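Because the structure is a prediction, the values reported are computed rather than measured.
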Amino acid sequence: AMIRTISPKPTRVNFGRCSACAVRSLSICGALDQADLAEFERIARHVHLAANEALFTAGQVASSVHNLTAGVVRLYKLLPDGRRQVIGFALPGDFLGTAPSDRYSYSADAIDSVSVCRLSRESFTQFIEQRPHFLIRINEIASRELMLAQEQMLLLGRRTAEEKVASFLVGWRERLAHIGDNRQTIALPMSRQDIADYLGLT
């Protein structure tokens with residue numbers, strides 16, 4: 001089945017200064033001092049996407065990187081036979097769009113209303129080159145992403161369907177708690193099909 005992506009029409013949103021960002025401590029920006037934050041804010045564009053709008057698509061030129069500040073983003077790949085494999089769900093504080101090649105290797109779209117800080121890849125690269133200490137924070141983020149990928153491989157391994165669902169719910173609760181959402185009833189903005197495509201289930 002073909003999945004049609006909607007090209008986002010970015011609109012500027014007034015978020016105030018980066019120093020007032022609610023997820024700053026959770027994201028790559030947590031390593032920046034006030035002077036660096038001012039420069040980061042100068043090169044960043046604040047963008048809002050409605051539900052189901054595409055942040056970027058696999059194969060598209062990777063011209064930008066994105067720091068998620070609100071909402072939930074679905075990350076996925078389309079398999080050669082047309083099936084979809086959801087590879088993750090991004091939460092506020094997650095950094096998206098870095099790619100070893102000049103094209104995105106996966107697609108990302110908004111599950112609900114989403115806000116991001118978007119930076120051109122060129123500006124972001126120059127920003128990093130001028131601030132070697134910033135690489136430490138980026139490496140921490142990359143290490144966390146690798147850990148999540150390893151956990152996903154284990155999840156898709158020899159576990160039963162019930163174990164997969166239970167592990168997903170526990171893991172999602174822990175991720176929400178990490179960003180300060182400690183409600184006893186957890187929010188699941190993604191659909192049942194999204195979860196099935198993530199867990200390799202029907």
Side-chain angles (χ1 to χ4, degrees), residues 1-6 21-30 49-58 66-100 104-116 137-202:
M2 294 293 291
I3 294 180
R4 179 171 163 267
T5 58
I6 303 170
C21 178
V23 296
R24 177 188 164 199
S25 63
L26 303 173
S27 72
I28 58 169
C29 309
L49 286 84
N52 297 316
E53 281 192 300
L55 190 59
F56 53 82
T57 57
H66 309 82
N67 197 34
L68 183 58
T69 57
V72 181
V73 170
R74 173 177 40 238
L75 314 176
Y76 66 93
K77 289 188 175 188
L78 292 180
L79 304 178
D81 61 4
R83 288 179 299 163
R84 182 186 68 164
Q85 176 64 58
V86 173
I87 59 175
F89 301 100
L91 285 168
D94 288 342
F95 191 66
L96 304 171
T98 54
Y104 297 116
S105 60
Y106 59 90
S107 299
D109 56 26
I111 289 179
D112 50 11
S113 179
V114 161
S115 300
V116 299
R137 182 68 169 179
I138 293 174
N139 285 336
E140 290 175 354
I141 299 292
S143 296
R144 187 177 70 190
E145 289 179 352
L146 178 59
M147 181 186 70
L148 289 173
Q150 291 171 338
E151 290 177 356
Q152 175 65 358
M153 289 176 63
L154 178 62
L155 188 61
L156 293 175
R158 297 180 178 275
R159 292 181 176 175
T160 66
E162 286 185 352
E163 289 171 336
K164 288 180 180 181
V165 173
S167 295
F168 169 74
L169 293 174
V170 171
W172 185 249
R173 181 187 62 185
E174 290 173 350
R175 291 189 64 199
L176 290 176
H178 179 69
I179 64 172
D181 185 348
N182 292 299
R183 290 175 294 178
Q184 196 166 16
T185 301
I186 64 172
L188 293 173
M190 68 288 291
S191 69
R192 291 167 63 94
Q193 188 62 57
D194 289 336
I195 297 172
D197 288 350
Y198 180 64
L199 299 175
L201 299 173
T202 57

Under the side chain to side chain donor-acceptor pair (under 3.5 Å) test, which residues partner [X], sequence neighbours left out?
X: Arg159; answer: Ser167
X: Ser105; answer: none
X: Gln193; answer: Asp197

Could you grab the distance from atom [atom1] of [X] to atom [atom2] of [Y], nearest 0.5 Å is fine?
X: Ser113; Y: Leu49; atom1: OG; atom2: CG; result: 8.5 Å
X: Thr69; Y: Leu91; atom1: OG1; atom2: CG; result: 12.5 Å
X: Leu68; Y: Phe95; atom1: CG; atom2: CZ; result: 11.5 Å
X: Arg74; Y: Met190; atom1: CZ; atom2: CE; result: 9.0 Å

Compare every heavy atom of [Y] with every heavy atom of [X], then report the nearest pair and how far apart it is.
X: Asp109; Y: Ala54; value: CB-CA, 3.8 Å
X: Asp194; Y: Ile111; value: OD2-CD1, 4.5 Å
X: Ala161; Y: Leu201; value: CB-CD2, 3.9 Å
X: Leu169; Y: Ile186; value: O-CD1, 4.0 Å
X: Tyr104; Y: Thr57; value: CB-O, 3.7 Å
X: Val114; Y: Val72; value: CG2-O, 3.5 Å

Ring centroid separation for Tyr106 and Tyr76, is it under 6.0 angstrom?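 No; Tyr76 has its ring centre 6.0 Å or more from that of Tyr106.
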Give me each pair satisfying salt bridge (Lys or Arg N to Asp or Glu O under 4.0 Å) with a member in residues 161-175, each pair once, sequence neighbours excluded.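 As it turns out, the salt bridge (Lys or Arg N to Asp or Glu O under 4.0 Å) pairs with a partner in residues 161-175, which skip direct neighbours, are Asp94-Arg175.
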Only one of Cys29, Pro92, Ser115 passes side-chain contact (heavy atoms from CB on, under 4.5 Å) with Asn67; say which it is.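 It is Cys29, the one option of Cys29, Pro92, Ser115 that forms the side-chain contact (heavy atoms from CB on, under 4.5 Å) with Asn67.
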Counterpart residues, salt bridge (charged side-chain N to carboxylate O under 4.0 Å, His left out), relative to Arg183 (two or more places apart):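 Residues passing salt bridge (charged side-chain N to carboxylate O under 4.0 Å, His left out) with Arg183: Asp181.
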Does any part of the side chain of Phe56, heavy atoms only, come nearer than 4.5 Å to the side chain of His66, both counted from C-beta?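 Answer yes - side chains close enough.
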Answer yes or no: is there a side-chain heavy-atom contact under 4.5 Å between Val86 and Leu75?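 Heavy-atom side-chain distance check fails, nothing below 4.5 Å.
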Is there a donor-acceptor pair under 3.5 Å between the side chain of Trp172 and the backbone N or O of Ala187?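 Yes; judged by distance alone, with no hydrogens or angles, the pair exists.
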Taking side-chain contact (heavy atoms from CB on, under 4.5 Å) as the definition, give me every residue that meets it alongside Leu146, ordered by chain and number, with sequence neighbours left out.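 For Leu146, the residues satisfying side-chain contact (heavy atoms from CB on, under 4.5 Å) (neighbours in sequence not counted) are Gln150.
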